[in-house]
Structure formats: structure tokens, C-alpha cells
Amino acid sequence: METTPPLPATSGPRPDIHASQDTSTAHAHRLRLYDALDRVCVPLAAVDVQAVFHLAELDCVIVHAVIDWINTARTLPPPPRPK
């Protein structure tokens, strides 16, 4: 099974300001989940952020499946409105 690599702890012109940044796999998953949700313009409530944190703790296969679902939902036409 493929795993998501940790993100680098440093970037930008001042790497010292990011020295204590969380570089775990869960952090990488959170960023990817937030990115997918942001691309479909989903505003996040506090409970949604909690869900992202819990999802990010799961393995790479599950996280990527959820991201694929989000991306697929973005391409679907909106459901018909009830009359």
C-alpha cells in the first residue's frame, strides 16, 4: 500500500519560522482534504473541521478515496430541485 509522504518542514525565504510545523502524514492528509473542499467552495463549520481531522488520521487509500469522491461530486450536475 502506498503511503502519503510527510510534507517538508521548511519552505520559503525564512525556514526557521516553520521549524515547529507539523510534518506528519495526517497533516499532509488534512492539507489535501482542505484543498479538495476548497476547490468545490465548501465552507467549513467547526464540525466539518473535526471531520477533516478524523479523516486525516485514516490511511492513505481511504483519504484518497474521499478526495476522489469530492472531486467527482464537483463534476456532477446539481440535483433537480423538488417542486
Side-chain angles (χ1 to χ4, degrees):
M1 171 174 32
E2 183 181 326
T3 61
T4 303
L7 296 175
T10 62
S11 65
R14 292 204 39 217
D16 58 312
I17 64 172
H18 298 288
S20 64
Q21 182 179 4
D22 181 3
T23 60
S24 68
T25 300
H27 180 70
H29 288 171
R30 283 193 302 272
L31 291 177
R32 288 180 174 95
L33 287 161
Y34 287 138
D35 179 60
L37 291 167
D38 189 48
R39 289 176 188 260
V40 295
C41 300
V42 173
L44 298 178
V47 69
D48 300 323
V49 173
Q50 288 178 343
V52 168
F53 268 74
H54 287 294
L55 283 170
E57 294 293 329
L58 300 174
D59 66 64
C60 180
V61 173
I62 294 172
V63 171
H64 286 273
V66 171
I67 291 170
D68 287 344
W69 294 341
I70 294 167
N71 289 331
T72 299
R74 176 177 52 161
T75 63
L76 297 175
R81 291 185 152 195
K83 294 180 180 186

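Worth saying up front: this structure is predicted, and the values here are computed from it rather than measured. Just so it is clear, the values below take in all heavy atoms, side chains as well, and ignore hydrogens, waters and symmetry mates.
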Closest non-hydrogen atom pair, His29 against Ala56 | ND1-O, 3.0 Å
If you count the non-hydrogen atoms of other residues, nucleotides and ligands that lie under 6.0 Å from CZ in Arg39, is the total more than 12?
-> no
Closest heavy-atom contact between Val61 and Asp59?
-> N-OD1, 3.0 Å
Can you check whether Ala45's main-chain N or O pairs, donor with acceptor, with Asp48's side chain at less than 3.5 Å?
-> yes
At what distance, to the nearest 0.5 angstrom, does CZ of Arg30 lie from OG of Ser24?
-> 5.5 Å
About how many Å separate CG of Leu58 and OG1 of Thr25, when rounded to the nearest 0.5 Å?
-> 12.5 Å
Would you say Ile67 and Asp35 make side-chain contact, with heavy atoms under 4.5 Å?
-> no
State the CH2-NE2 distance between Trp69 and His64, to the nearest 0.5 angstrom.
-> 13.5 Å
Quick one: CG on Leu33 to CG on Asp38, what's the gap to the nearest 0.5 Å?
-> 12.5 Å
Considering all heavy atoms of both residues, which atom of Ile70 and which atom of Ala36 are nearest to each other, and what is their separation?
-> CG2-O, 3.6 Å
